[in-house]
Amino acid sequence: MKQAIQKALMEIANPKKGKEISAYMKNVLPFRGLQQPEIAKVFNQFKNEIKEMEDDQKYEVADFLMRQEYGEDKKIALMIAEKMKFDLQRIKLTEKWFIDGHIKEWATADTYCGRVLKSFVIDKENAKLMLDWAKHENLWMRRSSCVGFVTLARKKVCDMNLLYEICQENIIHQERFNQLGTGWLLREMSLVDLKGVIEFIKKNIKYFSSEGLRYAYEKMKKSDQNYLKELLRMKNIQTNNSEDEQEVQDEIQQKSNDQDEESEQDFKIKKSKRQSRTIKRKL
């Protein structure tokens, strides 16, 4: 089946469109040039066969396709994975998809969250694993630890304290997709705990990028948005002033070092002249 799925994708591939999609995705990975309806059509060719498989067999096919270079192969992999039940052991197997570089951009990572992770983390015991992901060195695992809860947060089915911990671990990173993933989750959390989200942002305003903050306050009323924007503006002013002050201090220190060097050079010259006069007197 693995090769049959790839063959079906190849038969309707559009290389020109593939280059356009790849360029849009910053050429992180190549694409065959297929739109989602075309990908779904290929999946449907094998749907009944996939349905008859055991979960271990489904995972084998999904794992093979996820490890291919094309974005469309990865999408089919995740459509198959969506038909499986993921327990803790199996979800940890998927960590290799991130660590080995098979999930390395936002589109595949977010599709993984929507088709696989959200069904896993709805269980509060399972959800605790996401705190480990939030602390991981892999950017896309950290982002997924937030995005996996996006459609659940507003439904009041999550441990909000855990979500704040996950956001805390994520927001300290300045990578754009970490900032956006955190902001996205906070946006949904604000619908059920507005006060808590505002307090979280106040506490961590020094870490927020302007883009990350825009995501976080997007669904708040205008007055709250303006309040948070002003907090960020003041933070930026303080940061710039601190940087200017540091530049002044560095300049003063450099001048002091230059003066010390000049003084040392003057001392050496004067010492040399004194030694020369002493030698002449002796002669």
Side-chain angles (χ1 to χ4, degrees), residues 1-10 12-13 18 21-22 24-26 28-123 126-127 129-130 133 136 138-152 177 180-181 184-185:
M1 178 188 287
K2 296 177 285 190
Q3 287 75 18
I5 291 173
Q6 285 192 298
K7 183 180 178 182
L9 291 169
M10 289 171 61
I12 58 173
I21 299 173
S22 185
Y24 173 75
M25 294 299 298
K26 310 298 184 185
V28 177
L29 71 168
F31 287 83
R32 298 185 186 276
L34 306 181
Q35 300 298 323
Q36 186 56 38
E38 296 170 304
I39 298 171
K41 186 176 180 179
V42 171
F43 174 79
N44 287 334
Q45 292 178 34
F46 301 90
K47 186 176 181 179
N48 291 334
E49 192 176 346
I50 291 168
K51 187 177 180 180
E52 297 301 318
M53 289 179 168
E54 299 293 332
D55 277 359
D56 286 345
Q57 294 174 306
K58 292 175 187 174
Y59 186 82
E60 182 184 352
V61 177
D63 184 60
F64 172 84
L65 292 171
M66 181 57 71
R67 294 175 180 275
Q68 304 309 303
E69 60 177 338
Y70 289 99
E72 292 87 350
D73 299 50
K74 297 176 187 295
K75 286 184 178 181
I76 294 275
L78 293 170
M79 293 170 78
I80 295 171
E82 187 177 20
K83 304 302 180 183
M84 300 166 50
K85 180 174 175 57
F86 279 84
D87 56 13
L88 181 61
Q89 181 179 4
R90 187 167 281 131
I91 208 75
K92 287 189 71 65
L93 285 177
T94 70
E95 291 180 354
K96 294 286 285 180
W97 293 348
F98 293 92
I99 296 168
D100 292 347
H102 304 301
I103 297 179
K104 57 182 179 181
E105 32 68 48
W106 66 266
T108 306
D110 291 359
T111 301
Y112 169 87
C113 290
R115 292 189 178 273
V116 176
L117 201 57
K118 74 172 184 180
S119 298
F120 174 77
V121 299
I122 197 170
D123 181 288
N126 290 342
L129 176 64
M130 293 301 100
W133 283 33
H136 203 279
N138 185 282
L139 160 63
W140 302 108
M141 288 178 70
R142 294 198 304 267
R143 176 181 168 87
S144 295
S145 72
C146 286
V147 177
F149 292 101
V150 164
T151 59
L152 302 174
F177 288 104
L180 300 189
W184 193 2
L185 178 55

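For the side-chain contact (heavy atoms from CB on, under 4.5 Å) test, residues two or more places apart in sequence or in another chain that qualify with Gln68 are Gln6, Phe64, Asp73. Residues satisfying the side chain to side chain donor-acceptor pair (under 3.5 Å) test with Ser22, not counting sequence neighbours, are Asn27. The side chain to side chain donor-acceptor pair (under 3.5 Å) search around Trp140 returns none, not counting sequence neighbours. Every residue was checked against the ring pair (Phe, Tyr, Trp, His ring centres under 6.0 Å) condition with Phe31, not counting sequence neighbours, and none meets it. By the side-chain contact (heavy atoms from CB on, under 4.5 Å) test, Lys75 is found to be paired with Gln36, Ile39, residues two or more places apart in sequence or in another chain being considered. Remark: Asp110 pairs with Arg143 by the side chain to side chain donor-acceptor pair (under 3.5 Å) rule, at least two apart or across chains. For Ala8, the side-chain contact (heavy atoms from CB on, under 4.5 Å) criterion is met by Val42, Gln45, Phe46, not counting sequence neighbours. Checked against side chain to side chain donor-acceptor pair (under 3.5 Å), Asn48 has no partners two or more places apart in sequence or in another chain.
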Report, one line per pair, each donor and acceptor closer than 3.5 Å where one atom sits in a side chain of residues 76-89; sequence neighbours left out.
unit_1, atom_1, unit_2, atom_2, d
Glu82, OE1, Arg115, NH1, 2.4
Asp87, OD1, Gln89, N, 3.4
Asp87, OD1, Arg90, N, 2.8

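For Gly181 against Cys146, the heavy-atom pair with the smallest separation is O-CB, 3.5 Å. When every heavy atom of Ile91 is checked against every heavy atom of Thr94, the shortest pair comes out as O-OG1, 2.5 Å. For the residue pair Glu72 and Gly33, the shortest heavy atom distance occurs at OE2-N, 2.8 Å.
Applying the salt bridge (Lys or Arg N to Asp or Glu O under 4.0 Å) test to residues at least two apart or on different chains, the pairs with a partner in residues 98-109 are Arg67-Asp100, Lys96-Asp100. Listed by first and then second residue, the salt bridge (Lys or Arg N to Asp or Glu O under 4.0 Å) pairs involving residues 35-52 amount to none (not counting sequence neighbours).
Residue Trp106 holds its CH2 atom at 11.0 Å from NZ of Lys26, rounded to the nearest 0.5 Å. Between the CG atom in Leu65 and the CD atom in Glu60 there is a gap of 10.5 Å [rounded to 0.5 Å]. To the nearest 0.5 Å, the span separating CG on Asp56 from CG on Asp63 amounts to 11.5 Å. To the nearest 0.5 angstrom, Leu117 atom CG is 12.0 Å from Ile122 atom CD1. Atoms CD and CD1, on Glu95 and Ile103 in that order, are 11.0 Å from each other to the nearest 0.5 Å.
Around NZ of Lys118, the count of heavy atoms belonging to other residues, nucleotides or ligands within 6.0 Å does not exceed 12. The 12-atom threshold is not exceeded at CD of Glu54, counting heavy atoms of other residues, nucleotides or ligands nearer than 6.0 Å.
Side-chain rings of Trp133 and Phe149 stay apart, their centers remaining 6.0 Å or farther from each other.
Within the 3.5 Å criterion, the main-chain N or O of His102 finds a donor-acceptor partner in the side chain of Lys74.
Using cut-offs of 30° and 60° on the angle between ring planes, the pair Tyr59 and Trp97 is parallel.
Between Met1 and Met53 the shortest side-chain heavy-atom distance falls below 4.5 Å.
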